[in-house]
Amino acid sequence: MERLNDEVADLLQEYADLIAITGGDAFKVRVYEKAARSVGGYSQDISGLDERALRGIPNVGASIAAKIDEYVHTRAIHQLEELRARVPAGVRQLTTVPTLGPKKAMVLYQERGIDSVESLERAIHAGELQGLHGFGAKTEENLLHGIQVLSKAGRRVHIGLAMGLAEDIVARLAAVPGCDRCAYAGSLRRMKDTIGDIDVLAAGDDSAPLMAAFTSLSCVTEVIARGETKCSVRTPTLQVDLRVVARDSWGAALQYFTGSKAHNIRTREIAVHRKLKLSEYGVFDVTSGDLIASAREEDVYEMLGLPWIPPPLREDSGEIEAAMLGELPDLVTSAGIRGDLHIHTDLTDGLASLEEMVAAASALGYAYVAVTDHAPNLYMQRMTDAKALDQRGQVRRLRDAYPGMALLHGAELNIGPDGDVDWPPEFLAGFDLCVASVHSHFTQSRAEMTRRLVRACENPYVTIIGHPTGRVIGRREPVDADWEEVFRACARTGTALEIDAFPDRLDLPAGLARRARDHGLLFSIASDAHAVPHLAGMRYGVGTAQRAWLDPDHVINTWPLPRLLEFLRR
DNA sequence: GCCGTTTTCGGCCCGACTGTTTTCAGTCG
């Protein structure tokens, strides 16, 4: 599954960590971190690039290109091996403990021979840190607590879970008297598929009531830190950070707390080049110290000579360069979604009836909806030819009740281990559209899985490949396939790829979807709803599509009905 | 170690909070 790019990105990040632990130049650490991100996000596979071409990757110069080249040819980087010999892997692992960074980790290793989280815990209990410079009683306590947190939580959750918690907290803080504005920022605003913590921003003249309301929320299990304007708490699922700013700083603060860290470093560098300083308090003129912009995010970007950049793009993965050139994509939005092309009813594994699902889709203002229940090869769903035909009749009869919305009758076919799907061509021809998905045999070899998906694309009745990687966040790994090969098959056959919007799927993931976009492919963003509330999950699919830089033209369910129907008939 | 509409050398993002350091380093975001 892993591209060589990801493998090398991990190695460069490890090299950066080891330089930091061994007390190397902090700027060098940053360079390797930046290079790791650049390589990981580079659209081309680096395995075919020579040193010259490698230097064409942003933040990769002669030295790092040589290391990558060495790895491609020998599967090792000798400087990295030398650092590994000096610093046991467990010492790097130590820095994953909250409050324990590279400096303290190295002190622990050098002064006490501590080389793992386990040995750190033992050493603290045995009193072996006593007398160690910089390690007082409170530090010991914090480290023990950090180890506990690491073993228990330390896990990211899917965006649906985080969004529910965040929206609840935002609503409660917004209701506090004196709160001018309140919003979530961070990776949640950037619509990442998994969330490690929630960042909440509030504006008000007096921070005290907001901080008090925040720390006394019923979901709070522990207050980690509490200052004048900044407060961190733990909840059973995630850490939540609140920052309170003055109303006039709202735009600058939102820009800062939305991140990503890498994006912020770039925007601050741009500010420095313009003799400006950018912080969460605003854009300042370095010479005069005057505040130039801070009220709105748009103002902040404008002072940097940039258009406002949509949060899902803010990963330093090309958005700064595109913004400078005026070439930011015209992103697909929730408002642009005209219909849902993948929903289930209680005829198979859905919870709601056909009538309920269609009524709910209509209430969302959709211009069309496709009912796509499972097909017979998914045996536990007990679908039959007769049931499918009967449902088609029901769908046809319902049409009169929804003059403003087209009702399409489709199916979610099962892609068998060999790439075959349910039903013969003459039966498939009766559907308005067919989504085809992998539901079993997830562990086939890359070659088998690739052939399986390519064969499904080649079936003339398959319009869309559903949840292509089959991943379930936190529960099932994506299948292993040669995605470039699959994308070429999609391009050849005109098959669209689904971005399944179910929050624990988000499949295709954004990274793969962006690569698929480079092949000029088409996408369907679909809820895969199995109940009425699931239809609202569309927003997470849209967020994923935005992170993949998709514009409406690439997304078939933003198209007006006539264009969609023409595409389905091809 | 990378990079260049001030620079091929000399810069490299900014601030809050904590703990222990009697004036600031480490960590985090």
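Naming: A, B, ... by sequence-line order, numbering from 1 per chain. It should be emphasised that the depicted structure is a prediction, and the values quoted were computed from it without experimental measurement.
In this structure, F27(A) places its CZ atom 11 Å from P of dC14(B), rounding to the nearest Å. For the pair D316(A) CG and dG29(B) P, the interatomic distance rounds to 19 Å; values are reported in whole Å.
In terms of position along DNA chain B, the nucleotide closest to H273(A) lies nearer the 5' end than the nucleotide closest to the other residue of the pair M211(A) and H273(A).
Closest to the side chain of E269(A), from the set dC3(B), dC12(B), dT18(B), is dC12(B). Listed candidates were dT20(B), dG1(B), dC14(B). Nearest to the side chain of T139(A) is dT20(B). Candidate nucleotides dG1(B), dT27(B), dG29(B) were compared by shortest atom distance to the side chain of Y256(A), and dG29(B) ranks first. With dA16(B), dC2(B), dC13(B) as the choices, the nucleotide that has an atom nearest any side-chain atom of K230(A) turns out to be dA16(B). For K103(A), whose side chain is taken as the heavy atoms from C-beta onward, the closest listed nucleotide among dG26(B), dG15(B), dC13(B) is dG26(B). Side chain of E228(A), nearest nucleotide from dG15(B), dG26(B), dC17(B): dC17(B). Among the nucleotides dT20(B), dG26(B), dG1(B), the one closest to any side-chain atom of S63(A) is dG1(B). Nearest to the side-chain atoms of Y32(A) among the listed nucleotides dG1(B), dT27(B), dC3(B) stands dG1(B).
Enclosure of atom CZ in R75(A) by more than 12 non-hydrogen atoms of other residues, nucleotides or ligands within 6.0 angstrom is indicated.
S63(A) and K67(A) share a donor-acceptor pair across their side chains, judged by distance under 3.5 Å alone.
Spacing of C1' atoms, dG29(B) relative to dC13(B), comes out at 12 Å, to the nearest Å.
Distances shorter than 4.0 Å separate none of the side-chain N or O atoms of S279(A) from OP1 or OP2 on dA16(B). Phosphate proximity of dA25(B) to K104(A): absent, as no side-chain N or O sits under 4.0 Å from OP1 or OP2.
Residues H263(A) and E315(A) come closest through the heavy atom pair CB-N, 4.3 Å.
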Side-chain donor-acceptor contacts of residues 222-231 of chain A below 3.5 Å, not counting sequence neighbours, with atom names and distances?
from	atom 1	to	atom 2	distance (Å)
E222(A)	OE1	H145(A)	NE2	3.0
E222(A)	OE1	R234(A)	NE	3.1
E222(A)	OE2	H145(A)	NE2	2.8
R226(A)	NH1	T215(A)	OG1	3.4

